[in-house]
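A short write-up of the structure that comes next.
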Amino acid sequence: PTWGLWASTPLLALLGAWHLSLQHELIHGHPTRWTGLNHALGMPPLSLWYPVGVYRTSHLLHHRDELLTLPGVDPESNYVSTDDWANAGPLMRFFWVARKTALGRFILGPGHAIAQSWGEALVQVGRGQAGALRDWLPHWLLVAALLWFVDRYSAFSAWQYALLVAYPALSLAMVRSHYEHRAAVEPQHRIVVHECGPFMRLLFLNNNYHLVHHDLPKLPWYLIPRVYRAHRDAYVARNGGFVQSGYLQQARQFALTPTDGAVHPNAADLLARVERPS
């Protein structure tokens, strides 16, 4: 109430995005050796949208590098299959292309991800699936408690917090993942290294050095830059020169221009080479 909406809104959005980066660290076993404690630290729903347990399940599947970017298999893929594209209407095709642009990803990406995940959760909870009940019901209770607290004790109403803080927090997180992976034959050629400035490195807890993270997923965030600097030439060679120089430069380059095609160019061939996860 003292600072008001104009100061509080961007600071809280940054805090929410930072907490999403923290949740990513917790999933990979930091900062403690106790999984239960790490999980508890990730449970506060500052950004509202996802239970940390659901994020953990999908993100660890994403770490099968040979499946990276493959639609329907990699849960964090920004590509669609040729069949899905052929069966989609013009509105859906427009969205798939738009989310490959920086503005589309920032504005539309969170809404699609939220609608998709919450829709699936409601169906699973309605069916009484144990995993969904375990993850989503406590999360929704915590969200309700957080929004009640915000509405009662802050300058925000509940809906203002959701739309002006939590949604932009997810948008900021999606800045990092906008062009984090590309379609390529070699798995390591699919993973970016983003040589951004100190502010964005801190916001994303050095996950911008994404190939290093995939290479050493249990390496704590504060050691990642040291490893990258010591082996920079080797990492750049390993990912086929997939290096970006900064998120502002990326936003300018791809503001309204897609990073690449919405349809994965060779998903079927790549998937035929690997064993699908159970």
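Only this structure's heavy atoms are used, side chains among them; waters, hydrogens and symmetry mates stay out. Owing to the predicted nature of the structure, the values given are computational and were not obtained by experimental measurement.
- Ring geometry, W136 versus W140: the interplanar angle falls from 30° to 60°, so the pair is classed tilted.
- Remark: the D260 side chain and the Y79 side chain contain an N/O donor-acceptor pair separated by less than 3.5 Å.
- The same ILVMFWY cluster, assembled from side-chain heavy atoms under 4.5 Å apart, contains both V236 and Y209.
- Between the side chain of D215 and the backbone N or O of L211, no donor-acceptor pair lies under 3.5 Å.
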How far apart are the C-alpha atoms of W34 and T32, what are their side-chain angles, what is the distance that settles it, and do they pass the side chain to side chain donor-acceptor pair (under 3.5 Å) test?
CA-CA 5 Å; W34 298 289; T32 80; over 6 Å; no
If you look only at distance, which donor and acceptor atoms sit under 3.5 Å apart when one is on a side chain in residues 124-135 and the other is two or more places apart or in another chain?
none

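- In this structure, V212 is a member of the same hydrophobic cluster as L68, with clusters built from ILVMFWY side-chain heavy atoms closer than 4.5 Å.
- A donor-acceptor pair under 3.5 Å is absent between the side-chain atoms of D65 and the main chain of P187, judged by distance alone.
- Between H59 and H63, the ring planes are perpendicular. Angles over 60° get that label, and only those under 30° would be called parallel.
- Each of V54 and L61 belongs to its own hydrophobic cluster when Ile, Leu, Val, Met, Phe, Trp and Tyr are linked at side-chain heavy-atom distances under 4.5 angstrom.
- Screening H62, H189, R190, E76 against H181 for a side-chain hydrogen bond (donor to acceptor under 3.5 Å, both in side chains) leaves a single residue, H62.
- Contact record, V143 with L48: CG2-O, 3.4 Å, taken as the closest heavy-atom pair.
- Summarising the geometry, atom NE2 belonging to H112 is positioned 10.0 Å from atom OG belonging to S117; distances are rounded to the nearest 0.5 Å.
- Contact check for N38 versus P31: side-chain heavy atoms found under the 4.5 Å cut-off.
- Crowding of W96 atom CH2: a count of heavy atoms from other residues, nucleotides or ligands under 6.0 Å exceeding 12.
- For the atom pair L14 CG and H19 NE2, the distance stands at 14.5 Å (nearest 0.5 Å).
- N266 CG to T82 OG1: the interatomic distance, rounded to the nearest 0.5 Å, is 11.0 Å.
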Please walk me through it: do N208 and V192 pass side chain to side chain contact (heavy atoms under 4.5 Å, CB included)?
CA-CA 8 Å; N208 52 288; V192 77; over 6 Å; no
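- A donor-acceptor distance shorter than 3.5 angstrom exists from the side chain of N239 to the backbone of F242, with no hydrogens or angles considered.
- Atom NE2 in H28 sits 15.5 Å away from atom CH2 in W221 (nearest 0.5 Å).
- Atom-to-atom distance recorded for N207:CG and H194:NE2 is 11.5 Å, nearest 0.5 angstrom.
- Nearest heavy atom pair, residue G240 against residue R182, reads O-NH2, 3.7 Å.
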Apply ring-ring contact (aromatic ring centres under 6.0 Å, His included) to the pair Y55 and Y50, showing each step before the final yes or no.
CA-CA 7 Å; Y55 179 31; Y50 305 115; 7.4 Å; no
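- Two residues are said to be in side-chain contact when any heavy atoms from C-beta on lie closer than 4.5 Å; L205 and H24 fail this criterion.
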Give the intermediate values and the outcome of side chain to side chain contact (heavy atoms under 4.5 Å, CB included) for residues Q160 and L5.
CA-CA 9 Å; Q160 285 174 323; L5 292 179; 3.9 Å; yes
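- Taking the side chain as every heavy atom from C-beta outward, L202 and W18 approach each other to under 4.5 Å.
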Stepwise, does the side chain to side chain contact (heavy atoms under 4.5 Å, CB included) test hold for R99 with L108?
CA-CA 7 Å; R99 73 175 180 176; L108 301 176; 5.9 Å; no
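- Rounded to the nearest 0.5 angstrom, T9 OG1 and L163 CG are separated by 11.0 Å.
- Annotation for W3: atom CH2 does not count as buried by contact number, only 12 or fewer foreign heavy atoms lying within 6.0 Å.
- Residues V263 and S81 approach most closely at CG1-C, 4.2 Å, considering heavy atoms.
- Side-chain polar atoms of N206 and Y228 form no donor-acceptor pair below 3.5 angstrom.
- Of all the heavy atoms in L219 and V227, the pair that sits closest is CD2-CG2, 3.6 Å.
- A side-chain donor-acceptor contact under 3.5 Å links R93 to the backbone of W85.
- Nearest heavy-atom pair across P44 and Q23 is O-NE2, 4.3 Å.
- Using a 4.5 Å cut-off between side-chain heavy atoms of Ile, Leu, Val, Met, Phe, Trp and Tyr, with links allowed through other members, L147 and I114 fall into the same hydrophobic cluster.
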Given side chain to side chain contact (heavy atoms under 4.5 Å, CB included), test M92 with V80 step by step and report yes or no.
CA-CA 11 Å; M92 200 67 225; V80 297; over 6 Å; no
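- Residues S47 and W49 bring no donor and acceptor atom of their side chains to less than 3.5 Å of each other.
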Can you give the donor-acceptor pairs under 3.5 Å from side chains of residues 169-179 to other protein atoms, not counting sequence neighbours?
residue	atom	partner	partner atom	Å
S171	OG	F106	O	2.6
S171	OG	Y167	O	3.3
R176	NH1	E180	OE1	3.2
R176	NH1	E180	OE2	2.3
S177	OG	R105	NH2	2.6
H178	ND1	Q250	NE2	3.4
H178	NE2	K100	O	2.8
H178	NE2	T101	O	3.4

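- Side chains of T69 and D74: a donor-acceptor N/O pair is absent below 3.5 angstrom, by distance only.
- Cluster annotation: L223 is not connected to L26 through the hydrophobic network of ILVMFWY side chains, with a link wherever side-chain heavy atoms come within less than 4.5 Å.
- Heavy-atom minimum distance, P45 versus H139: CB-CE1, 3.6 Å.
- Residues R201 and C196 meet the side-chain proximity criterion, which asks for heavy atoms closer than 4.5 Å.
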